[in-house]
Amino acid sequence: METPPLSLQCVARPEPDLTQCSVLLLSALRSGTGNNSTARRIGGFLEHHGATVTLVDAAHHDAASAEEFAELATGQGVNVVVGIHAFRAGRLLIGCPQRGVGVVLVFGGTDVNEHHRDPDRMAAMSQAVEAADRVVCFSEEMRVDAARLWPASVGKALVVPQSLDLARRAVADSTASSAATTATVSGGCRTPPRPSSPESALVWSARRALRLDDDAVLFVMAAGIRPVKDCGYLVNAVSAWHKRDPRIHLLIVGPILDSQCAEELCSRVEAASTLARAMEAGEHVERRGLDGGGGVLFGGVVPRLTLLSIMEREADAVVSSSISEGMPLVPIEAMCLGVPVVARRNRGNASVVIDGDTGLLFDSPEEFVAKASTIVRPAVRPGDAGTPGSRSDSHVMAWRSRRDALTRRAREVAAARFQCHAERQSYAKVVRYVLSRRQRSGNVDSIGDEGN
């Protein structure tokens, strides 16, 4: 029997004052990743309500035990730990409740979709769910999956969809203290440095830097290079399409999170190893053509402002080929920006993109080409350019109508579903509930009675 999601209205009154609350937000904080963006967004929400928030990179505590981490948290006077990802963060949070520290566990996506297949990781995540005062799921589908995997989550689970504030997110990411690193792998792929001026991203041009023709069709895939993102899934199909129609190009950008995966990708595509640097300088990149990768380029890391500018001003569509997703941020970004989304069908992507209404979903590389073709600008026939009423002109009008209908509907849905205010209020209520629960059990001192 299905258990309905927990209501946020169950918070006890009077509510604790978050201005006297210390929150430790534990997550992987690698630049360019979804967990990093989610952590900084949640941290900003809690700071908005007056909490003192400290961001801690879970990767820096790989060797720590749960007991050592709990001692660290109590030694810093932390009242609540918010951990993103049931394994990466969750394994460190198990000892916190015994020290009187409240725990909020936020499922990230791969914990629910992938890591449960590993017995050791599953055991650690089960302990984390047991220890948590509350668990947060990005979607109803994720809540149902979590309940199946971890019965202890029933009665603790809240559905809080992710939201997006493009201006806030871009500024936060561009000024983040963790600078992008440079990592070279075989095939010449590299993560370029950050730009000297975030504002200059608005005038950069990926098309110019990559020497693309004016009529080139540019698909953009933004993802960390690791197995679950499956960035090479469409390489052969896009290369074959490029041979038939040389206008077609796929640009893959993102940090290298798995060196073996990156080496395999770079062996199959063109390496545009200096993309960010060339765009900043207004120059062309050095492109290395490799067998089998015609029309597909890997550009490494580009700064957040640059990526948003590429998506909004230069991309014909944004592509996701992930095997699984929690709640994917890049498709949400594209929807907000009015850019068509073409995404591989999985639970996470399907929770955001409605096929044929707010975007397109595909189940195979061949279906990607078939569906993406419907939103690609028609090629201008010789002699038809600028001729009103010509066959090319009518095809362009039909294409524009289809594209506009898709992006208009996507913007409407994104504006209604992914509101910052709702997510901000939800996390404040979750933390207040955990504080109240700890106070009632006598595990922490009173933090105050004034709501914020």
Side-chain angles (χ1 to χ4, degrees), residues 22-46 51-76 78-97 99 101-116 118 120-138 142 146 150 162 172-173 176-181 183 224-229 254-259 326-327 329 427 430-431 434:
S22 175
V23 176
L24 189 154
L25 213 160
L26 180 66
S27 173
L29 297 178
R30 177 73 178 268
S31 178
T33 62
N35 280 350
N36 176 55
S37 297
T38 298
R40 295 184 184 281
R41 189 181 67 254
I42 294 173
F45 291 159
L46 295 175
T52 299
V53 178
T54 303
L55 267 65
V56 174
D57 193 338
H60 294 166
H61 296 273
D62 278 343
S65 67
E67 291 74 18
E68 290 170 335
F69 187 83
E71 184 176 351
L72 171 69
T74 53
Q76 294 184 359
V78 171
N79 304 114
V80 177
V81 176
V82 178
I84 299 176
H85 199 281
F87 177 70
R88 296 192 191 107
R91 63 187 182 81
L92 293 170
L93 307 180
I94 296 168
C96 287
R99 298 294 190 102
V101 178
V103 172
V104 178
L105 184 63
V106 182
F107 288 121
T110 53
D111 41 12
V112 178
N113 297 326
E114 305 294 333
H115 291 332
H116 67 86
D118 182 304
D120 292 337
R121 293 186 175 189
M122 181 61 177
M125 293 190 293
S126 297
Q127 287 183 286
V129 173
E130 289 276 0
D133 296 284
R134 282 288 177 262
V135 296
V136 175
C137 306
F138 295 145
M142 183 182 284
W150 298 288
Q162 297 199 83
D173 282 3
S177 58
S178 54
T181 57
I225 310 304
R226 55 183 173 134
V228 72
K229 298 299 182 180
I256 294 173
L257 304 179
D258 183 288
S259 59
M327 177 169 279
L329 288 176
Y427 278 103
V430 168
V431 172
V434 172

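Only a predicted model underlies this, so the values are computations on that prediction, with no experimental measurement involved.
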Paired with Asp133, the side-chain contact (heavy atoms from CB on, under 4.5 Å) test is passed by just one of Val430, Val103, Val80, Val101, namely Val103

Listed by chain and number, what are the side-chain contact (heavy atoms from CB on, under 4.5 Å) partners of Ala123, not counting sequence neighbours?
-> none

Report the residues that fulfil salt bridge (charged side-chain N to carboxylate O under 4.0 Å, His left out) with Arg91, sequence neighbours left out, ordered by chain and then residue number.
-> Asp62

Go through the structure and list residues passing salt bridge (charged side-chain N to carboxylate O under 4.0 Å, His left out) with Glu114, not counting sequence neighbours.
-> Arg117

When rounded to the nearest 0.5 angstrom, what distance separates [atom1] in [X] from [atom2] in [Y]?
{"X": "Ser31", "Y": "Arg40", "atom1": "OG", "atom2": "CZ", "answer": "8.0 Å"}
{"X": "Ile42", "Y": "Leu55", "atom1": "CD1", "atom2": "CG", "answer": "9.5 Å"}
{"X": "Cys96", "Y": "Glu67", "atom1": "SG", "atom2": "CD", "answer": "10.0 Å"}

What heavy-atom pair brings [X] and [Y] nearest, and what distance separates the two atoms?
{"X": "Ile94", "Y": "Ala66", "value": "CB-CB, 4.1 Å"}
{"X": "Leu26", "Y": "Ala58", "value": "CD1-CA, 3.7 Å"}
{"X": "Leu29", "Y": "Ala39", "value": "CD2-CB, 3.9 Å"}
{"X": "Pro255", "Y": "Thr33", "value": "CG-CG2, 4.4 Å"}
{"X": "Val434", "Y": "Gly102", "value": "CG1-CA, 3.5 Å"}
{"X": "Ala132", "Y": "Leu105", "value": "CB-CB, 4.0 Å"}

Can you label the angle between the Phe107 ring and the Trp150 ring as parallel, tilted or perpendicular, going by 30° and 60°?
-> parallel

Would you call [X] and [Y] a side-chain contact if the rule is heavy atoms closer than 4.5 Å?
{"X": "Arg226", "Y": "Thr110", "answer": "yes"}
{"X": "Met122", "Y": "Ser126", "answer": "yes"}
{"X": "Tyr427", "Y": "Val136", "answer": "yes"}
{"X": "Leu72", "Y": "His61", "answer": "yes"}

Side chain to side chain contact (heavy atoms under 4.5 Å, CB included) between Arg88 and His115, worked out = CA-CA 10 Å; Arg88 296 192 191 107; His115 291 332; 4.1 Å; yes

Please test Phe138 against Val106 for side chain to side chain contact (heavy atoms under 4.5 Å, CB included), starting from the C-alpha separation and ending with a verdict.
-> CA-CA 8 Å; Phe138 295 145; Val106 182; 3.7 Å; yes

Derivation and outcome, side chain to side chain contact (heavy atoms under 4.5 Å, CB included), residues Asp111 and His85 | CA-CA 6 Å; Asp111 41 12; His85 199 281; 3.6 Å; yes

Test Ile84 against Leu25 for side chain to side chain contact (heavy atoms under 4.5 Å, CB included), laying out the working first.
-> CA-CA 8 Å; Ile84 299 176; Leu25 213 160; 3.8 Å; yes

Distance only, no hydrogens: is a donor on one side chain within 3.5 Å (strictly under) of an acceptor on the other, for Thr38 and Gln162?
-> yes

